[in-house]
Amino acid sequence: MAQYWLMKSEPDEASIDHLAAAPDQTLPWTGVRNYQARNFMRDAMQPGDGVLFYHSSCPQPGVAGLAEVVGPYAPDATQFDPASPYFDPKSPADKPRWGHVSVKFVRKTALLPLATMRTEPTLASLQLLKPGSRLSITPVTPEEWQAVLDLLEP
DNA sequence: GCCAACGTTGGC
DNA sequence: GCCAACGTTGGC
């Protein structure tokens with residue numbers, strides 16, 4: 001059974017437009033350095049799962065489009081690259097600490113702003129909206145997923 | 001730039 | 001294992 005996720009990305013780094021323009025319209029979701037978020041990718045995500053593509057740390061934060069998970073979970077090469085901002089000197093080469101799935105473009109939508117989401121009773125349970133929630137990957141229930149779809153245009 | 005919330009680190 | 005210090009996130 002398909003599951004649903006919300007994945008945050010800074011549009012400066014990887015926006016929904018970047019995703020649409022990428023080879024195979026797919027991007028590796030590298031750079032996650034939080035165990036909870038990693039565990040979602042490693043243990044729970046399945047190819048075909050639905051993704052709300054969320055723009056964060058930008059003038060207009062919000063859901064910018066839809067994507068889907070493509071597998072498999074694989075080691076994140078950036079952890080071993082000293083030149084990368086995601087370099088992790090403590091990650092053992094034979095037992096990589098960090099990994100990633102990839103994400104494939106489904107469609108771009110009109111931005112559903114965070115401010116709007118906050119006013120929607122049907123979205124009140126979203127983990128994203130919980131005070132202090134910073135996790136870059138959060139699960140979304142089927143009900144929440146449908147509620148967001150209903151709000152997305154077109 | 002501010003700041004609250006949260007995660008990680010490291011001394012003990 | 002505790003917990004204070006520190007770093008990061010991310011909206012505003």
Side-chain angles (χ1 to χ4, degrees), chain A residues 3-22 26-45 49-69 73-141 143-145 147-153:
Chain A
Q3 303 179 91
Y4 304 100
W5 308 94
L6 184 144
M7 298 175 81
K8 294 182 190 174
S9 182
E10 301 189 12
D12 284 350
E13 236 184 279
S15 70
I16 190 74
D17 291 325
H18 290 131
L19 184 62
T26 299
L27 288 173
W29 210 260
T30 52
V32 170
R33 294 295 180 268
N34 171 282
Y35 290 105
Q36 241 184 302
R38 179 204 67 182
N39 292 347
F40 283 138
M41 289 196 288
R42 187 189 63 186
D43 304 333
M45 279 188 179
D49 281 359
V51 173
L52 301 174
F53 195 102
Y54 179 89
H55 285 176
S56 70
S57 292
C58 59
Q60 275 267 57
V63 172
L66 301 177
E68 69 177 38
V69 172
Y73 179 81
D76 178 344
T78 64
Q79 70 196 304
F80 300 123
D81 177 4
S84 167
Y86 302 116
F87 179 57
D88 181 355
K90 292 182 181 171
S91 181
D94 57 339
K95 213 180 161 208
R97 185 179 289 188
W98 307 110
H100 69 94
V101 296
S102 294
V103 162
K104 185 178 171 82
F105 179 80
V106 172
R107 69 182 165 98
K108 184 180 179 177
T109 65
L111 188 84
L112 176 61
L114 175 61
T116 304
M117 298 172 76
R118 288 197 189 284
T119 67
E120 275 297 328
T122 54
L123 300 185
S125 60
L126 266 185
Q127 221 168 295
L128 172 79
L129 304 181
K130 303 286 186 209
S133 165
R134 293 181 314 171
L135 207 51
S136 63
I137 300 176
T138 50
V140 171
T141 68
E143 293 77 17
E144 292 163 348
W145 173 265
V148 171
L149 288 194
D150 290 344
L151 291 168
L152 284 177
E153 302 171 26

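Below, read A as the first sequence line, B as the second, and so on, with proteins coming before strands; counting in each chain starts at 1.
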Handout entry: Any pair counted as salt bridge (charged side-chain N to carboxylate O under 4.0 Å, His left out), so long as it reaches residues 11-21 of chain A, sequence neighbours left out
Key = A:D17-A:K108
Exercise for the section: Return the value, rounded to whole Å, for the distance between atom CG of A:D88 and atom C1' of B:dG7. Expected result: 14 Å
Practice task
To the nearest Å, give me how far apart CZ (A:R38) and C1' (B:dG7) are.
Solution key: 14 Å
Problem - Under 3.5 Å donor-acceptor, A:Y73 side chain and A:G99 backbone - result: yes
Problem - Pairs involving residues 52-63 of chain A, ordered by first then second residue, that meet salt bridge (charged side-chain N to carboxylate O under 4.0 Å, His left out) (sequence neighbours left out) - result: none
Exercise for the section: Under the side chain to side chain donor-acceptor pair (under 3.5 Å) rule, what do A:Q79 and A:S91 come out as? Steps first, then yes or no, please. Expected result: CA-CA 7 Å; A:Q79 70 196 304; A:S91 181; 2.7 Å; yes
Exercise for the section: Give every residue pair that meets the salt bridge (charged side-chain N to carboxylate O under 4.0 Å, His left out) criterion with at least one member in residues 84-94 of chain A, sequence neighbours excluded. Expected result: A:D88-A:R97
Practice task
Quick one: which residue pairs count as a salt bridge (charged side-chain N to carboxylate O under 4.0 Å, His left out) with a foot in residues 73-87 of chain A, not counting sequence neighbours?
Solution key: A:R33-A:D76
Practice task
Would you indicate what A:R118 reaches in the nucleic acid, counting non-hydrogen atoms under 4.0 angstrom: base, sugar-phosphate, or nothing?
Solution key: sugar-phosphate
Identify each atom pair where a protein N or O and an N or O of nucleotides 9-12 of chain B are less than 3.5 Å apart, giving names and distance.
unit_1 : atom_1 : unit_2 : atom_2 : d
B:dG10 : OP2    : A:K90  : NZ     : 3.4

Would you tabulate the nitrogen or oxygen pairs shorter than 3.5 Å linking the protein to nucleotides 3-6 of chain B?
unit_1 : atom_1 : unit_2 : atom_2 : d
B:dA5  : N3     : A:R134 : NH1    : 3.3
B:dC6  : OP1    : A:P131 : O      : 3.4
B:dC6  : O2     : A:R134 : NH1    : 2.9
B:dC6  : O2     : A:R134 : NH2    : 2.7

Handout entry: Pair A:Y35 and A:W98, ring centroids less than 6.0 Å apart
Key = yes
Problem - Donor-acceptor under 3.5 Å (A:E68 side chain, A:V51 main chain) - result: no
